[in-house]
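Below you'll find the structure, written out as structure tokens, and then a few comments.
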Amino acid sequence: MHTKTIAELSRALKQREFSSEELTRACLRRIEKHNPALNCYISVTGERALAQARAADASLAKNEGGALTGVPIAQKDIFCTKGVKTSCGSRMLDNFIAPYDATTVERFDAAGAVMLGKTNMDEFAMGSSNETSFYGAVKNPWDTAAVPGGSSGGSAAAVAARLAPAATGTDTGGSIRQPAALCNLTGLKPTYGRVSRYGMIAFASSLDQGGPMARTAEDCALLMQVMAGFDVRDSTSVDKPVPDYTATLNDSIKGLKIGLPREYFGAGLDGKVAQAIDAAVKEYEKLGAVVKEISLPNTSLAVPVYYVIAPAECSSNLSRFDGVRYGYRCKDPQDLLDLYERSRGEGFGAEVKRRIMVGAYVLSAGYYDAYYLKAQKLRRLISDDFKRALEQVDVIMGPTAPTVAFNLGEKTDDPVTMYLSDIYTIAVNLAGLPAISLPAGFVGQRPLGLQIIGNYFDEPRLLNVAHQYQKVTDWHTRTPKGFE
Amino acid sequence: MEWETVIGLEIHAQLATRSKIFSGAPTAYGAPPNTQACAIDLGMPGVLPVLNEEAVRMAVKFGLAIGAKIAPRSVFARKNYFYPDLPKGYQISQYELPVVAQGRIEIELEDGGVKTIGITRAHLEEDAGKSLHEDFHGMTGIDLNRAGTPLLEIVSEPDMRSAREAVAYMKKIHSLVRYLEICDGNMQEGSFRCDANVSVRPRGQHEFGTRAELKNINSFRFVEKAIAYEVQRQIELIEGGGSVVQETRLYDADKDETRSMRSKEEAHDYRYFPDPDLLPLEIDAGIIETVRKTLPELPDEKKQRFIKDYALTPYEAGVLTSSRELAAYYEDVVRGAGGEPKLCANWVLGELLGALNKNNLDINASPVSPAQLAGMLRRIGDNTLSGKIAKQVFDAMWHGEGDADAVIAARGLKQVTDSGAIEKVIVEVIKKFPEQLAQYRGGQEKLFTFFVGQVMKASQGKANPAQVNALLKEKLR
């Protein structure tokens with residue numbers, strides 16, 4: 001059962017080949033067996049899952065329910081889940097039982113999906129390797145010496161190892177796409193405002209966006225159908241009709257105009273990754289697409305701009321973790337200042353503290369104009385690059401990450417090198433555009449991803465373009481050794 | 001040296017919305033701690049603010065009432081600082097682009113003149129919770145019921161030159177927000193409070209002196225006292241060779257003094273930046289016009305109308321229009337009494353306000369309703385009551401003895417207008433005081449009032465005074 005995609009599971013459940021309860025139990029058994037080695041779940045919610053599975057079976061027995069009824073998924077531990085620990089990968093929230101459900105959780109519950117558990121992640125989604133988690137690093141199922149990517153590394157490893165058919169992720173600078181690439185998955189970062197952020201613990205509010213991580217584009221389409229939509233509780237969500245994401249999957253892509261930004265194929269890109277991306281682009285040409293070189297001249301600004309804006313927002317967003325109302329509180333505080341300093345000093349990890357300090361600095365009086373304000377202006381230039389490019393082409397393609405997965409511990413002492421692993425993904429968040437990463441080959445036994453960037457709300461096209469590739473390639477069907 | 005005082009006020013008016021500015025939790029005052037706070041007010045992880053449109057309409061209403069510019073686009077910003085009753089570690093406020101800018105309001109000076117006070121801006125923001133330092137055995141309790149209550153912060157220009165002017169301005173804004181029904185104005189509950197920026201400079205100097213900010217003053221009396229104290233402190237400091245430092249000071253009402261809270265060096269760097277959880281607030285002409293239609297008659301307009309329509313003095317009209325409720329009460333009385341606006345004003349300003357002040361009551365809590373007062377005034381008009389007896393009737397109504405007619409009947413207070421009956425009393429009085437009669441007739445005309453008094457006394461005040469006068473003149477001749 002665990003080898004099936006969501007689309008296949010959905011059909012099998014409807015035809016009663018097996019029950020959701022059987023399927024859920026099988027997933028829980030696999031988690032029990034493999035999770036200790038991979039560390040991709042922070043919490044496994046077996047009883048909750050089985051109760052949901054039985055409810056789904058009852059619906060299925062009455063021929064009710066939708067595409068996801070009875071389908072197990074995993075939720076990134078950044079989404080608040082009522083009555084379930086919601087840690088965000090941090091000691092700060094190790095004792096936090098959320099009193100309410102995130103909109104995304106509510107929507108999956110309402111769709112009849114079964115939540116297997118909450119997946120590991122970089123602390124407060126800050127990281128590209130899943131090594132900043134309070135709960136320890138996650139191992140890449142393709143090579144346990146390698147990182148799974150981050151911040152949604154737990155979700156990526158869980159789906160890659162077939163410990164969940166699909167999972168949710170969040171993407172602030174590449175946190176869905178980069179781990180999807182490094183774990184051979186399909187991951188979609190939707191247009192900013194397409195998926196509600198309510199109940200998704202904020203890292204950088206103007207960049208954060210939840211999205212699906214699965215094995216195929218078709219599965220991502222099914223998950224997006226549930227996740228997308230306006231939410232009155234999120235003022236930045238967009239009130240725009242949700243298209244049928246599966247309806248256009250099989251549209252022909254003949255004549256599709258693909259732009260290849262020359263800045264995405266320059267220095268820093270691993271030669272073998274470049275070859276694989278070239279091969280993927282050739283595949284598209286065979287499918288009738290037209291390729292054109294384009295330029296995104298401000299690409300080199302994306303990482304520095306991001307590392308001003310994201311820390312600025314995070315320094316403010318994470319102020320609420322003060323040891324006063326919930327979460328970690330230091331022992332025997334002597335006074336208010338001591339309570340703040342030690343609760344935050346002991347509750348947050350090094351990377352989170354680094355970003356809070358950078359953020360507080362760039363927002364402080366006397367520095368605001370030079371950093372934050374300037375970064376906002378450059379952000380506009382980066383968006384304008386995409387705007388101009390997408391007037392000439394339908395989609396933009398390139399590598400998701402400059403290399404395949406690096407080794408655990410390899411970059412932990414050098415944050416700037418770590419930050420550069422998101423060089424191709426970050427600009428997309430700054431512009432608020434949708435982008436998908438899909439499996440496009442391997443270097444040795446480690447997978448890599450092709451990134452496709454589309455125009456605002458053009459998720460149907462991204463899914464369609466990815467699906468067409470997956471119809472003629474088999475990268476996405478490969479399973480890591482030991483997890484078949 | 002002669003000193004000039006310069007004052008600017010920042011008034012915080014709690015907007016009278018039913019729910020909070022960024023959440024659906026109720027704004028009710030006085031509920032048990034932490035019962036009026038939802039996940040958003042508690043600053044739970046993952047929650048997001050959604051702007052209350054009613055709060056926006058109220059801010060627009062205020063802006064229109066002070067002739068201000070309503071920003072077509074304004075921005076919410078985060079003001080970052082740590083405090084236990086500030087759940088998110090930041091307050092959502094407006095910083096660079098407020099919703100209301102460049103308004104003005106007129107205040108009356110003691111010499112009867114009028115002065116225009118500029119209003120720099122008014123912006124929307126959320127209130128914090130409360131820290132409770134008592135009853136927690138050395139710990140601090142946090143009540144977040146107030147967290148997220150909408151506030152309109154109204155910032156004046158430094159246009160006031162005395163504590164009195166500051167009070168007049170604060171009272172004017174207080175009256176206005178209540179007229180507009182956007183704030184209940186309850187100062188005890190903290191719905192209306194202010195900070196004062198105070199500085200002094202040698203008269204004639206153009207530059208401002210260094211200012212001190214006096215925090216959280218919650219009564220008109222305290223504003224006057226705090227500023228008066230602070231002005232004196234600053235003058236003494238400078239004249240003693242010192243200089244004023246820019247700082248925040250707290251007014252202690254018990255000791256009647258201000259004391260330093262924090263200096264400029266210790267001032268917070270609030271690290272303001274636009275709140276990425278909220279889109280810029282866009283207000284189009286349509287919304288402004290809709291709100292404009294809901295504007296009531298404003299205090300100044302009402303005052304002019306009272307002067308014109310009711311022939312009142314500016315002073316009378318000013319007092320009667322100082323609150324929307326009092327003005328409405330007065331107009332109800334005029335309508336009920338069927339005219340006689342001057343008489344109505346005399347009674348409302350005299351007996352009624354006197355009794356209310358004495359008992360520390362608000363006009364809304366008046367035990368005598370406008371209809372009751374009007375009923376009594378009708379009885380003066382139709383000569384059933386004399387003015388003097390009417391005071392007794394008013395007093396009885398105040399103590400719940402019912403309408404004027406009921407009181408008159410129960411107490412037998414009907415005025416005697418039967419001239420036969422009055423004559424009878426006069427004859428008896430004249431008989432009783434032969435000496436005085438002789439003196440009067442001998443030329444001591446002052447004694448006339450003596451006879452009037454005796455007649456009124458003999459009639460227990462019920463005789464119609466005009467008739468008494470006329471008949472008495474006749475009989476004494």
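Owing to the predicted nature of the structure, the values given are computational and were not obtained by experimental measurement. A, B, ... follow the sequence lines: proteins, then strands. Residue 1 opens every chain.
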Next item on the list: Can you tell which part of A/F79 gets under 4.5 Å to a heavy atom of chain B, answering side chain, backbone, both or neither?
Entry: neither
Item checked: Shortest non-hydrogen separation from A/F321 to B/P45 and the atoms involved -> CE2-CG, 3.8 Å
Check: By a 4.5 Å heavy-atom criterion (distance strictly below it), what part of A/A102 contacts chain B: side chain, backbone, both, or neither?
Finding: neither
Notebook entry, point to check: Is it the side chain or the backbone of A/A360 that comes within 4.5 Å of chain B heavy atoms, both, or neither?
Noted result: both
Item checked: Region of A/L336 in contact with chain B, defined by heavy-atom distances below 4.5 Å -> side chain
Notebook entry, point to check: In terms of heavy-atom pairs under 4.5 Å, which option from B/I142, B/L278, B/L42, B/L51 contacts chain A the most?
Noted result: B/L42
Checklist line | Closest heavy-atom pair and its distance - A/V232, B/V50 | finding: O-CG2, 3.2 Å
Check: Which atom pair, heavy atoms only, marks the closest approach of B/P276 to A/S205?
Finding: CG-CB, 3.6 Å
Notebook entry, point to check: Quick one: does B/F22's side chain get under 4.5 Å of A/S235's, heavy atoms only?
Noted result: no
Note to self: Can you tell me which portion of A/F96 sits under 4.5 Å from chain B's heavy atoms? Options are side chain, backbone, both or neither.
What the structure shows: side chain
Item checked: Atom NZ of A/K374: over 12 foreign heavy atoms under 6.0 Å -> no
Item checked: Minimal non-hydrogen separation, B/A39 against A/Y100, with atom names -> CB-CD2, 4.4 Å
Check: Hey, is NZ on A/K353 packed in by over 12 heavy atoms from elsewhere, all under 6.0 Å?
Finding: yes
Check: Just wondering, more than 12 heavy atoms not from B/Y95 lying within 6.0 Å of its OH?
Finding: no
Next item on the list: Could you tell me which portion of A/Y198 (side chain, backbone, both or neither) has an atom closer than 4.5 angstrom to a non-hydrogen atom of chain B?
Entry: both
Margin query: Tell me if the OH atom of A/Y371 is crowded by more than 12 foreign heavy atoms within 6.0 Å.
Written below: no
Next item on the list: Enter the distance from A/D322:CG to B/K88:NZ here, rounded to the nearest 0.5 Å.
Entry: 12.0 Å
When the side chains of residues 71-87 of chain B are checked against the rest of the protein, which donor-acceptor pairs come out under 3.5 Å, sequence neighbours left out?
| from | atom 1 | to | atom 2 | distance (Å) |
| --- | --- | --- | --- | --- |
| B/S74 | OG | B/Q94 | NE2 | 3.0 |
| B/R78 | NE | B/D275 | OD1 | 3.1 |
| B/R78 | NE | B/D275 | OD2 | 3.4 |
| B/R78 | NH1 | A/S316 | OG | 2.9 |
| B/R78 | NH1 | A/N317 | OD1 | 2.8 |
| B/R78 | NH2 | A/N317 | OD1 | 3.0 |
| B/R78 | NH2 | B/Y90 | OH | 3.4 |
| B/R78 | NH2 | B/D275 | OD1 | 3.2 |
| B/R78 | NH2 | B/D277 | OD2 | 3.0 |
| B/N80 | OD1 | A/S316 | OG | 2.8 |
| B/N80 | ND2 | B/Y270 | O | 3.4 |
| B/N80 | ND2 | B/R271 | O | 2.8 |
| B/D85 | OD2 | B/S131 | N | 3.3 |
| B/D85 | OD2 | B/S131 | OG | 3.0 |

Notebook entry, point to check: For atom CD of A/E346, is the number of surrounding heavy atoms from other residues, nucleotides or ligands below 6.0 Å larger than 12?
Noted result: yes
Note to self: Is A/V362 close to chain B through its backbone or its side chain, or both, or neither, when contacts mean heavy atoms under 4.5 Å?
What the structure shows: neither
Checklist line | Residues, nucleotides or ligands: over 12 heavy atoms within 6.0 Å of B/R211 CZ | finding: no
Next item on the list: Using a cut-off of 6.0 Å, state whether more than 12 heavy atoms not belonging to A/Y367 lie near its atom OH.
Entry: no
Checklist line | B/V47 side chain near A/R320 side chain, heavy-atom distance below 4.5 Å | finding: yes
